[in-house]
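All of these numbers come straight from a predicted model, not from anything done at the bench.
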Amino acid sequence: MHLARTGVFLWAVRSARLLALPVQRISLIDSKRWLSHTPRCLSSPFAAFPEQSAQQGSKVDPKKTEKTSASDHGNGSIPESQFQRSLASAPQNKIIHDTTGSGSGANILGQPFVFDDVSNVTDSILGLVGRNLYDTPNHPLHITRKLIESVFQYPLYKNHIASNPVVTTKDNFDVLGFPKDHPGRSRTDTYYVDSQTVLRTHTSAHQHAAFQYMSQNPEKGYTICADVYRRDSIDRSHFPVFHQMEGARMWQQYRMKTTKGGTRLMGQEERKAQIKEDLDNLPEHSLEIIDEGGHHNYKTNPVQISHDEKESELVVQHLKRSLELLVQRVFTAAQEAMPGTKQEQLKVRWVEAYFPFTSPSFELEVFWQGEWLELLGCGVTKQEILNNAGLNDRIGWAWGIGVERLAMLLFEIPDIRLFWSQDERFLSQFKEGQITRFKPFSKYPPCYKDVSFWVRPSPDGASPIGAESSSGVAAAAGGDSTKASPAETQPAAFHENDIMEVVRNVAGTLVEDVKLVDEFVSPKTSKKSLCYRINYRSNERTLTNEEVNSLHDQVLQQLTKLPIEIR
Ligand code: DAH
């Protein structure tokens with residue numbers, strides 16, 4: 001089964017899968033423990049979290065972002081326009097045009113935004129903002145979130161959610177060290193509310209705020225769960241909104257009272273000893289692990305200059321063991337949900353990775369029903385990021401995981417659109433604290449329609465922001481320049497994601513997949529022809545011919561706005 005991305009994309013070429021050293025460990029985990037009810041206060045919502053999105057802009061450290069509120073458009077001295085004021089009382093999450101017809105904007109979750117020439121959010125994407133599926137009891141995404149949180153529990157970890165997806169480009173990219181030409185910043189891959197504001201592409205957008213929170217609070221780690229947004233292809237494992245969870249754990253050098261009544265900073269050696277002790281105290285597990293045994297490639301995946309090598313290695317070991325425990329918990333729950341199927345020995349492998357905000361970095365894959373699946377990305381947090389949040393005296397790890405991927409595996413949900421279904425035949429199948437196998441209710445017929453067009457050369461390019469990345473590689477936080485354009489002869493003229501967006505905007509969840517089925521270059525004109533096949537199919541009912549024809553006509557009509565020539 002081809003499954004949802006983790007939301008974790010690698011930016012650099014993975015290193016070779018080095019030495020395989022399988023390790024067997026014994027399980028001491030009670031796989032049922034997560035089923036018990038978590039008291040409300042233990043996973044309290046984001047109440048005191050210094051969220052950096054629109055509403056709580058003022059709580060953000062002003063040093064961190066020039067534009068402290070995602071809604072002040074970068075310059076607090078510009079007076080609010082009448083249009084902006086009118087947006088404040090406009091219906092939420094809908095594009096509104098001003099009376100002159102030249103400007104537009106939206107009230108996103110109660111906050112007004114006037115669009116500029118970088119804005120590319122659509123009604124269809126805004127309509128999905130604020131559904132909070134991860135916070136809806138009995139929803140498979142909520143059940144999966146709770147299962148993950150049960151491994152990273154309060155009071156050691158603060159379990160946050162982040163309900164407002166509107167964040168600044170600073171928080172989504174800059175503070176995390178993303179280069180200016182990173183493909184994830186491209187308008188073809190990311191939803192811009194305006195030139196300085198995006199719908200977050202990953203939960204790491206809240207990392208800085210979470211670290212700031214940590215600097216003022218006793219918890220030693222956190223998890224964050226939220227919806228994230230990426231312009232992307234359309235198939236059964238990709239939807240422009242999906243969910244991620246992010247986790248981190250830090251160790252601190254702290255002040256101790258001396259016998260003379262003063263204090264002294266507890267040294268790095270003591271911190272190292274603490275990490276070792278915490279590592280030794282982690283439960284054992286029974287996974288089979290394929291790892292290069294800690295001997296990662298120091299050139300391509302280095303220990304940070306400011307870190308002690310041994311201490312960094314201890315952090316890596318603690319990180320790996322913690323995530324192996326997560327896999328053990330989650331997949332044991334899944335195996336228990338499928339009585340009768342052969343209980344296979346769980347196998348995971350560690351692979352080197354690259355993220356702008358960790359070093360060294362890794363990816364965890366799990367062997368599930370005959371396939372290696374990319375599950376999550378992680379690493380030792382860059383010291384600079386910690387220092388910027390006031391955590392100079394800490395060292396630690398972080399990870400990020402795609403919740404749909406896990407939920408699709410756990411519940412055997414075959415199509416990512418189902419998570420958005422409001423059909424009782426879907427929703428009534430799931431119960432809090434239980435992993436159950438999804439029973440498909442009906443398979444409705446597909447309806448295929450092709451669209452062919454010439455790609456016109458365009459000197460301006462389709463994407464003002466970073467479409468032509470010098471990096472030329474796939475990316476953390478989205479941005480996949482490897483498929484940036486099937487029309488490589490006119491690279492800037494056309495981006496496949498623009499086609500996907502038009503189809504999404506017209507057909508929403510009524511489209512199952514869109515595939516490139518033919519391409520050729522005309523020897524006469526050197527123009528490229530592309531043919532995409534759109535599969536209109538609902539998960540909930542049979543679509544009528546009339547309905548599909550009308551949807552397809554609208555798609556064709558909207559495609560004329562792109563720099564392409566319909567054939
Ligand atoms: N933000 C990354 C992504 O979306 C996932 C991730 C990787 C998060 C490593 C982390 C991390 O915190 O340490 O691809």
Worksheet item: Just checking, Lys158 and Tyr213: is the charged tip under 6.0 Å from the six-membered ring centre and within 45° of the axis?
Response: no

Are any of the side-chain nitrogens in [X] or [Y] under 4.0 Å away from the carboxylate oxygens of its partner?
{"X": "Arg321", "Y": "Asp280", "result": "no"}
{"X": "Lys146", "Y": "Glu149", "result": "yes"}
{"X": "Lys320", "Y": "Asp291", "result": "yes"}
{"X": "Lys272", "Y": "Glu311", "result": "no"}

Side-chain donor-acceptor pair present, [X], [Y], cut-off under 3.5 Å:
{"X": "Ser119", "Y": "Asp194", "result": "no"}
{"X": "His307", "Y": "Ser312", "result": "no"}
{"X": "Tyr229", "Y": "Asp227", "result": "yes"}
{"X": "Asn388", "Y": "Glu384", "result": "no"}
{"X": "Arg329", "Y": "Ser150", "result": "yes"}

Worksheet entry | Verdict with supporting geometry, Ser237 and Ile416, side chain to side chain contact (heavy atoms under 4.5 Å, CB included) | CA-CA 5 Å; Ser237 62; Ile416 196 166; 5.5 Å; no

Just by modelled atom types, is the [Y] backbone N or O under 3.5 Å from a matching donor or acceptor in the [X] side chain?
{"X": "Arg249", "Y": "Gly221", "value": "no"}
{"X": "Arg349", "Y": "Glu365", "value": "no"}
{"X": "Gln304", "Y": "Gln383", "value": "yes"}
{"X": "Asn497", "Y": "Arg231", "value": "yes"}
{"X": "Glu432", "Y": "His139", "value": "no"}
{"X": "Arg185", "Y": "Pro179", "value": "yes"}
{"X": "Arg145", "Y": "Tyr134", "value": "yes"}
{"X": "Gln111", "Y": "Ile108", "value": "no"}
{"X": "Arg187", "Y": "Val118", "value": "yes"}

Which atoms form the tightest heavy-atom contact between [X] and [Y], and what is the distance?
{"X": "Asn164", "Y": "Arg200", "value": "O-NH1, 3.0 Å"}
{"X": "His202", "Y": "Asn172", "value": "NE2-O, 3.0 Å"}
{"X": "Glu246", "Y": "Ser204", "value": "OE1-OG, 3.0 Å"}
{"X": "Val315", "Y": "Gly396", "value": "CG1-C, 3.7 Å"}
{"X": "Ile401", "Y": "Leu375", "value": "CG1-O, 3.3 Å"}

Discussion item. Would Glu404 and His243 count as a side chain to side chain contact (heavy atoms under 4.5 Å, CB included) here? Give the steps.
Written reply: CA-CA 6 Å; Glu404 272 83 348; His243 296 80; 2.8 Å; yes

Item to complete: Check the pair Val198, Tyr191 against side chain to side chain contact (heavy atoms under 4.5 Å, CB included), reporting the backbone distance first and the verdict last.
Response: CA-CA 6 Å; Val198 294; Tyr191 290 102; over 6 Å; no

Worksheet item: Between Phe178 and Phe173, what is the ring plane arrangement, given parallel below 30°, perpendicular above 60°, and tilted in between?
Response: perpendicular

Worksheet item: Parallel, tilted or perpendicular for Trp399 and Phe152, by the 30°/60° rule?
Response: tilted

Fill in: Stepwise side chain to side chain contact (heavy atoms under 4.5 Å, CB included) check, Leu156 with Lys220
CA-CA 6 Å; Leu156 195 55; Lys220 295 185 165 70; 4.0 Å; yes

Worksheet item: Between atom CZ of Phe362 and atom CH2 of Trp397, what is the distance when rounded to the nearest 0.5 Å?
Response: 13.5 Å

Discussion item. As an exercise, state the distance from SG of Cys378 to CG of Leu319, rounded to the nearest 0.5 Å.
Written reply: 4.0 Å

Worksheet item: Are any of the side-chain heavy atoms of Lys180 and Asp174 separated by less than 4.5 Å?
Response: yes

